[in-house]
2 protein chains.
Amino acid sequence: MDPRSGYPIYLQIVEQIQRAVAVGRLTPGEQLPTVKQLASDLLVNPSTIARALRELEHLGIVDSLAGRGSWVRRDGATAAASRVAGDAVASALAAAVREARALGVDRTQLRDLFTSAVETWYRDDA
Amino acid sequence: MDPRSGYPIYLQIVEQIQRAVAVGRLTPGEQLPTVKQLASDLLVNPSTIARALRELEHLGIVDSLAGRGSWVRRDGATAAASRVAGDAVASALAAAVREARALGVDRTQLRDLFTSAVETWYRDDA
DNA sequence: TGTATTGTACTAGGCACGTAGTACATGCAG
DNA sequence: CTGCATGTACTACGTGCCTAGTACAATACA
């Protein structure tokens, strides 16, 4: 959770929860902390949490009810989380590949650059 | 040249010239059209062209002199253009790979997504 | 029924960035 | 020296987006 990463806070929260669901660290039916709780834990404004929740609901990963709280959706949450992850990565890769093509980089160079990027960022685990 | 692509105009210009140099469509020592000329050709403000030129100069691809004009640098322009292209693509790929990792996508899935992206965007040529 | 707790909707401030505009410095030619 | 064309520097405007704040609606429970 880094406010000055240039990367929006609410998206960082979305990613973390989304990943937790995809990996199984959060299970379908499980209740999430309240907006206030998360806000005070992460030292951000409740509105920012709310926005992240709205996004997660829109993605089909979380269900929220006013006066009750928020839960990981019982049906399809895990699948939705995986699908969302795949879509996000696919579109990021598409952007990179399109740029490569626009700049006149050929398939082989592109492949090498990709391999090297993977080596760099997937060093130990994953 | 699409003003409403969400992608900055001056960067589109930078990319086009940079690619033209890398590919050899613009040769070292060759003079570029004037700022006004480019502006009227591309239907954008001269300041936008100027910004693109400034960027290209900073990248070591172009040399500009007030009162004279702009030229593709005689020494190293082609190499610089290729290097810049490589760097840009590498950083775009790094962003995608980092995101993949953050979202819990494993190596195999990532590789598949990449292959499919390449298939999509390098269909015919290149 | 009333109160507390939860999420929601809406608004406003601020910041970053791209673009346009204008005035300026530089070089060349007559 | 003068006039013209070139690139340059600086400023101002507009826009989009994130974040914070505030008021509101919905639910649970005593």
Side-chain angles (χ1 to χ4, degrees), chain A residues 1-18 26 29-74 77 88 91 95 99, chain B residues 1-18 26 29-74 77 88 91 95 99:
Chain A
M1 204 60 21
D2 182 7
R4 57 213 159 135
S5 71
Y7 196 80
I9 301 174
Y10 81 97
L11 284 181
Q12 297 182 43
I13 299 169
V14 167
E15 284 195 7
Q16 290 214 4
I17 295 181
Q18 178 262 316
L26 283 174
E30 186 169 354
Q31 180 165 13
L32 298 174
T34 71
V35 168
K36 278 187 185 174
Q37 190 62 44
L38 280 172
S40 82
D41 286 358
L42 304 178
L43 298 174
V44 301
N45 193 285
S47 296
T48 304
I49 305 291
R51 176 156 190 186
L53 250 53
R54 183 157 30 113
E55 191 70 16
L56 285 163
E57 179 153 21
H58 187 257
L59 294 174
I61 298 174
V62 162
D63 263 342
S64 294
L65 288 88
R68 303 243 318 157
S70 301
W71 289 263
V72 178
R73 278 191 59 166
R74 289 204 169 278
S91 102
E99 180 166 16
Chain B
M1 203 63 19
D2 182 7
R4 53 208 164 139
S5 72
Y7 195 79
I9 300 174
Y10 80 98
L11 284 182
Q12 297 181 42
I13 298 170
V14 168
E15 286 196 5
Q16 290 214 4
I17 295 182
Q18 179 263 316
L26 283 175
E30 187 170 353
Q31 179 166 12
L32 297 174
T34 69
V35 169
K36 278 187 184 172
Q37 190 61 45
L38 280 171
S40 82
D41 286 358
L42 304 178
L43 298 174
V44 301
N45 194 285
S47 295
T48 304
I49 304 291
R51 176 155 191 187
L53 250 52
R54 183 156 30 113
E55 191 71 17
L56 285 163
E57 179 153 23
H58 187 256
L59 294 174
I61 298 174
V62 161
D63 263 342
S64 294
L65 287 89
R68 304 241 323 159
S70 302
W71 289 263
V72 178
R73 279 190 58 167
R74 288 205 170 278
S91 103
E99 179 166 16

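Just so you know, these numbers come straight off a predicted model, no measurement behind them. Every chain is numbered from 1 and lettered A, B, ... according to where its sequence line falls, protein lines coming before strand lines.
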**Request:** Show the numbers, then the answer: is there a side chain to side chain contact (heavy atoms under 4.5 Å, CB included) between B:Ile13 and B:Leu56?
**Result:** CA-CA 10 Å; B:Ile13 298 170; B:Leu56 285 163; 5.5 Å; no

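Residue B:Ala50 has its side chain nearest to D:dT8 when only C:dG18, D:dT8, C:dG7 are considered. Picking from D:dG21, D:dT8, C:dG18 the nucleotide with the shortest atom distance to the side chain of A:Ser47 gives D:dG21. Picking from D:dC18, D:dG7, D:dT27 the nucleotide with the shortest atom distance to the side chain of B:Ser64 gives D:dG7. Side-chain proximity of B:Arg51 to the nucleotides D:dT19, C:dG18, C:dT6 is greatest for C:dG18. Distances were taken from every side-chain heavy atom of A:Arg68 (C-beta onward) to each of C:dG27, D:dT27, D:dT19; the shortest belongs to D:dT27.
A side-chain N or O of A:Glu15 and one of A:Tyr7 form a donor-acceptor pair less than 3.5 Å apart.
B:Asp63 places its CG atom 18 Å from the P atom of D:dT6, with the value rounded to the nearest Å. To the nearest angstrom, C1' of D:dT19 lies 13 Å from CG of A:Leu11. Here the P atom of nucleotide C:dC17 and the CD1 atom of B:Ile9 are 17 Å apart, to the nearest Å. Taking atom CD1 of B:Ile49 as the reference point, atom P of C:dG21 lies 14 Å away to the nearest angstrom. The distance between atom CD of B:Gln12 and atom C1' of C:dC17, rounded to the nearest whole Å, is 15 Å. Between the CG atom of A:Leu65 and the P atom of C:dT8 there is a distance of 8 Å, given to the nearest Å. Atom OH of A:Tyr7 and atom P of C:dC15 are 23 Å apart (whole Å).
B:Leu53 comes within 4.0 angstrom of nothing in the nucleic acid, heavy atoms only.
Between B:Asp63 and B:Glu57 there is a side-chain heavy-atom pair separated by less than 4.5 Å. Residues B:Ile9 and B:Asn45 form no side-chain contact, since every pair of their non-hydrogen atoms from C-beta on lies 4.5 Å or further apart.
Contacts between residues 30-45 of chain B and DNA chain C, counted as heavy-atom distances below 4.0 Å, involve B:Asn45.
At the phosphate of C:dT19, neither OP1 nor OP2 sits under 4.0 Å from any side-chain N or O atom of B:Tyr10. Within the structure, a side-chain polar atom (N or O) of B:Thr48 is placed less than 4.0 Å from OP1 or OP2 of C:dA20.
Across all non-hydrogen atoms, the minimal contact from A:Gln12 to A:Ser5 is NE2-OG, 3.3 Å. Counting all heavy atoms, side chain and backbone alike, B:Trp71 lies closest to B:Gly29 at CD1-O, 3.3 Å.
Using modelled atom types, no side-chain atom of A:Glu55 and backbone atom of A:Leu11 make a donor-acceptor pair closer than 3.5 Å.
Mapped onto DNA chain D by nearest heavy atom, A:Pro46 and A:Gly67 fall at different nucleotides, with A:Pro46 at the one closer to the 5' end.
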